[in-house]
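The structure under discussion appears below in the form of structure tokens.
Just so you know, ligand 1 is whichever comes first in the structure, and atom 1 is the first atom listed for that ligand.
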Amino acid sequence: MTEEQLREVLGFYQDLGIKQIYRRAAPPGTAAAADTVPTAPTAAAGPELVVLPLAPVHDTLEKIVQDIGDCKRCRLHERRNKIVFGTGNEQAKLVFVGEGPGADEDEQGMPFVGRAGQLLTQMIEGTARKEGIPLLRKDVYICNVVKCRPPENRTPLPDEMEICGQFLFRQLEVIRPKAICALGSTAAKALLGTKDGVMRLRGKWHQWRDLPVIVTYHPSYLLRPYNQNAKREAWEDLKKVLHFVYD
Ligand code: SF4
């Protein structure tokens, strides 16, 4: 089996929700044992396992789009119009991760194009301008945890986040930004595996793998008229991440 075929098989099991697969070591002297990729010897006794990443070694955003294809891996495909992959600078130093597409995004196939998206653009460009950082929305990368619109804009379910999250993680590994800004608690949950809400998580640095993460409010939450305090806090969070990335 080639590495690519193995990746597809593992991806299939991951889509089914199987997170751990154990490989039994081939008995010495068998053909399978001869095929085993040699690894550096370790001090530990017992069989050595070569764990292959689910993403291809030289992954690209294009390959991820191809792998998503006409995706039906979770129930969110049933009512979607368009898959919303992500937009922006593919070498961005800063990536914003939202929850999932809304009606406008589902219609246009682009993330954050509705009212919340306009507010996000204002927040990015307005804060950058005030802070003297030459940055436009097109300079960052924007994507979501799930790529298809959840019905009635409900929060994505854990299994949907788990399945679609593999594509988000591949996007982040390909772009390797200097920092990630998680917009809202769903994005924070997907990246940090926490159940804590934004109020508890915001204002401090976290980590997804080895990349720094800042958590702030989702722009759609900020559109509610009574959230003035949250707006001010979101601007603070944005200032913090912009200076970290672009100073
Ligand atoms: S949400 Fe993600 S995993 Fe689910 S169908 Fe859409 S692209 Fe596939």
When you compare the side chains of [X] and [Y], does any donor N or O come within less than 3.5 Å of an acceptor on the partner?
X	Y	result
E90	Y141	no
T216	R202	no
D106	N81	yes

So, is the end of the K178 side chain (NZ or CZ) under 6.0 Å from the ring centre of F244 and within 45° of the ring's axis?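 Yes, a cation-pi geometry holds between K178 and F244.
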
For R80, the ligand 1 atoms with a heavy-atom partner under 4.0 Å come out as 5 (S), 6 (Fe)

Centre-to-centre under 6.0 Å for F112 and H218, is that the case here?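 For F112 and H218, the ring centres are under 6.0 Å apart.
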
If only protein N, O or S atoms under 2.8 Å count, total around atom 4 (Fe) of ligand 1: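 Excluding waters, the total comes to 1.
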
Working to the nearest 0.5 Å, report the span between CG of L172 and CD1 of I180.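 Answer rounded to 0.5 Å: 4.5 Å.
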
